[in-house]
Amino acid sequence: MTEFRKLSISVPPDVAETLESQGKGRASAYVTGAVRAQRAWEQFRAEQARRGVAITEEGMAAARARRYGVQAEWTPERYAALQQQVREHMERGLSDGDQQAPAA
């Protein structure tokens with residue numbers, strides 16, 4: 001059986017508004033998802049650092065700019081199709097390095 005602990009926290013008004021908008025009883029699920037996503041991001045960054053890859057704000061901004069450039073050049077249909085391919089690839093769990101990423 002899953003164990004739960006009840007916590008009482010203080011949050012800024014904008015965060016409170018977001019949590020309240022989730023509906024009765026859904027704030028816990030929302031917070032749980034957000035904390036797990038943050039933890040996964042931190043673990044990813046730690047693993048990259050362990051491998052000698054530094055993830056910087058400047059690097060992320062440059063990657064974001066390249067992505068926006070691609071989005072601007074591609075038709076919405078082409079971009080959506082590639083997004084779907086990536087989703088399916090990730091859902092199949094093909095991350096062992098032997099599989100090829102979807103072609104652009």
Side-chain angles (χ1 to χ4, degrees):
M1 185 171 141
T2 303
E3 182 182 323
F4 293 93
R5 295 192 329 208
K6 189 169 183 100
L7 303 173
S8 175
I9 60 171
S10 298
V11 296
D14 62 318
V15 174
E17 185 178 309
T18 298
L19 293 175
E20 291 165 352
S21 74
Q22 299 308 302
K24 187 167 178 67
R26 297 289 306 147
S28 292
Y30 189 89
V31 169
T32 298
V35 169
R36 287 181 174 158
Q38 180 65 32
R39 187 171 51 199
W41 172 243
E42 290 166 358
Q43 290 170 345
F44 172 77
R45 288 184 75 142
E47 178 62 20
Q48 294 308 304
R50 187 186 69 74
R51 293 174 183 215
V53 177
I55 299 176
T56 65
E57 292 301 320
E58 295 82 13
M60 290 186 342
R64 192 176 306 111
R66 287 192 301 273
R67 181 170 51 90
Y68 290 157
V70 167
Q71 285 176 300
E73 292 175 12
W74 287 10
T75 64
E77 295 79 15
R78 182 178 180 192
Y79 193 77
L82 182 59
Q83 281 182 314
Q84 184 60 35
Q85 284 182 314
V86 170
R87 264 190 218 98
E88 291 169 3
H89 180 80
M90 292 176 69
E91 287 170 0
R92 287 193 306 266
L94 302 177
S95 61
D96 62 3
D98 293 342
Q99 302 296 328
Q100 198 169 7

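Only a predicted model underlies this, so the values are computations on that prediction, with no experimental measurement involved. Because only heavy atoms are used, hydrogens play no part in the values below, and waters and symmetry mates are left out as well, while side chains stay in.
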- Message: Measuring from atom CD of Gln71 to atom CG of Leu82, what distance do you get when rounded to the nearest 0.5 angstrom?
- Response: 10.5 Å
- Query: Taking C-beta and beyond as the side chain, do Arg67 and Tyr79 meet within less than 4.5 Å on heavy atoms?
  - Reply: yes
- Message: Side-chain heavy atoms nearer than 4.5 Å, only ILVMFWY residues, links allowed to pass through others: does that put Val53 and Met60 together?
- Response: no
- Stepwise side-chain contact (heavy atoms from CB on, under 4.5 Å) test for Gln48 and Phe44: CA-CA 6 Å; Gln48 294 308 304; Phe44 172 77; 3.5 Å; yes
- Query: Is Val11 reachable from Val35 through a run of I, L, V, M, F, W or Y residues, each pair having side-chain heavy atoms under 4.5 Å apart?
  - Reply: yes
- Does atom CZ of Arg45 have more than 12 heavy-atom neighbours, drawn from other residues, nucleotides or ligands, at distances under 6.0 Å? yes
- Query: Can you find a side-chain donor-acceptor pair between Glu42 and Gln38 that sits under 3.5 Å?
  - Reply: yes
- For Pro12, all residues meeting side chain to side chain contact (heavy atoms under 4.5 Å, CB included), sequence neighbours excluded: Asp14, Val15
- Please round to the nearest 0.5 Å and tell me the distance separating atom CD1 of Ile55 and atom CH2 of Trp41. 4.5 Å
- Minimal non-hydrogen separation, Leu19 against Ala27, with atom names: O-CB, 3.9 Å
- Query: So among Gln84, Glu88, Met90, which one has a side chain to side chain contact (heavy atoms under 4.5 Å, CB included) with Val86?
  - Reply: Met90
- Query: Can a salt bridge be assigned to the pair Glu47 and Arg51 using a cut-off of 4.0 Å between side-chain N and carboxylate O?
  - Reply: yes
